[in-house]
Amino acid sequence: MSAPPTREQLLALKQQMETISGGMSLLEKKRDALLQALEKDRRAFRELSRRFQEACERIAFPFTLVRLFEGEATLTLIRSSSRPLRLSSSRHSLMGCSYPQFARTQQPSDQEELLLADPALSSLHMDDLLSELSAADTLLWDYINMKVRIDALERELAKTMRKLNNLEYVIYPSLQSEYKRIRDILQERERQERFTLKKFKRKRAGQQTG
């Protein structure tokens, strides 16, 4: 048999509701900050995507010329002569969301100089291709880092929304319901006690007058 509700339980529930209400307020602020950051990044990413697409289109033309006039063997030679790409990564954080950002430790000119040093790769088409690839290098890493950041923020926003919805629509309403139930029981108990006390006083007063 369960113990009857007490005023201590009512106070404990009230404290839990206040704590959860504070947590909901913090999650709402985090949600708003993530939405603001995402909106800003998405606008920047749309512009970056446009520039990246234009860079890819500029690369496509000399790439096609090299493939047509110099053959697949030249492109194979480029791949075989390329140095391993060295990257560094650093962790960044925004509103509790952690995400990596990448940077190239090898200078873009290193690979270009290596390719241009080969007489077999000294045509104008190849020079144009290498020039466009070098120009797009920084844009490429900006594109990658922005995409990684947006994906991380979107995951964090989804997780924040799940927590907020769980508190707002499941946990907090259940505590409110339990708080109301215990409050009603205690109020009814107090009314019964007052009624019993009044009845006892009237009975005692009648006995004294009799």
Can you name the closest pair of heavy atoms from Q101 and H92 and give their distance?
CG-CD2, 3.3 Å
For the student: nearest non-hydrogen atoms of R183 and L10, plus distance
N-CD1, 3.7 Å
Without swapping roles, check the side chain of T19 against the backbone of Q15 for a donor-acceptor pair under 3.5 Å.
yes
Quick one: do E193 and R189 make a salt bridge, cutoff under 4.0 Å?
no
In this structure, NZ of K201 is separated from CZ of R194 (nearest 0.5 Å) by 12.0 Å
Would you indicate whether the side-chain heavy atoms of E190 and R7 approach each other to under 4.5 Å?
yes
What pair of heavy atoms forms the shortest contact from Q16 to L175, and how long is it?
OE1-CD2, 3.7 Å
Are L186 and M17 in one and the same hydrophobic cluster, where Ile, Leu, Val, Met, Phe, Trp and Tyr link if side-chain heavy atoms are under 4.5 Å apart?
yes
To the nearest 0.5 Å, what is the distance between CG on L139 and CD on Q53?
11.0 Å
Quick one: do R50 and E47 make a salt bridge, cutoff under 4.0 Å?
yes
Value for NZ (K159) from CD (E156), rounded to nearest 0.5 Å, stands at 4.0 Å
Heavy atoms of Q9 and P4 approach each other most closely as OE1-O, 4.2 Å
Mind checking whether I20 and L27 sit in one hydrophobic cluster, side chains of I, L, V, M, F, W, Y counted as touching below 4.5 Å?
yes
Could you go step by step and tell me if E178 and R181 meet the salt bridge (charged side-chain N to carboxylate O under 4.0 Å, His left out) rule?
CA-CA 5 Å; E178 181 67 9; R181 185 186 73 84; 2.8 Å; yes
Hey, what do you get for OG1 (T160) to NZ (K30), rounding to the nearest 0.5 Å?
4.0 Å
Same cluster for F102 and L48 if Ile/Leu/Val/Met/Phe/Trp/Tyr side chains link at under 4.5 Å?
yes
Any donor-acceptor N/O pair, S174 side chain to I171 backbone, under 3.5 Å:
yes
Please determine whether a side-chain nitrogen of the Lys or Arg among E54 and R51 lies less than 4.0 Å from a carboxylate oxygen of the Asp or Glu.
no
List the steps, then state whether side chain to side chain contact (heavy atoms under 4.5 Å, CB included) holds for N166 with R162.
CA-CA 6 Å; N166 187 45; R162 286 195 300 270; over 6 Å; no
Taking the basic N atoms (NZ, or NE/NH1/NH2) and the acidic carboxylate oxygens, is any pair closer than 4.0 Å for D151 and R155?
no
Would M161 end up clustered with L94 when hydrophobic side chains under 4.5 Å apart are linked, directly or stepwise?
yes
Aromatic rings Y143 and F45: how do their planes relate, parallel, tilted or perpendicular, breaks at 30° and 60°?
tilted
Approximate separation, where rounding is to 0.5 Å, of L11 CG and Y179 OH:
7.5 Å
Verdict with supporting geometry, L157 and E154, side chain to side chain contact (heavy atoms under 4.5 Å, CB included)
CA-CA 5 Å; L157 177 61; E154 286 177 342; 5.6 Å; no
Stepwise side chain to side chain contact (heavy atoms under 4.5 Å, CB included) test for D142 and F52
CA-CA 9 Å; D142 289 343; F52 184 68; over 6 Å; no
Heavy-atom closest pair, residues A152 and C97
O-SG, 3.4 Å
According to a hydrophobic-cluster definition based on side-chain heavy atoms being under 4.5 Å apart (Ile, Leu, Val, Met, Phe, Trp, Tyr only), do L35 and L164 belong together?
no
Would you mind reporting whether K199 and R202 have side-chain heavy atoms less than 4.5 Å apart?
yes
Candidate pair R91 and S98, rule side chain to side chain donor-acceptor pair (under 3.5 Å), full reasoning:
CA-CA 7 Å; R91 302 297 298 185; S98 179; 3.0 Å; yes
Euclidean distance, K147 NZ relative to N145 CG, rounded to 0.5 Å:
12.5 Å
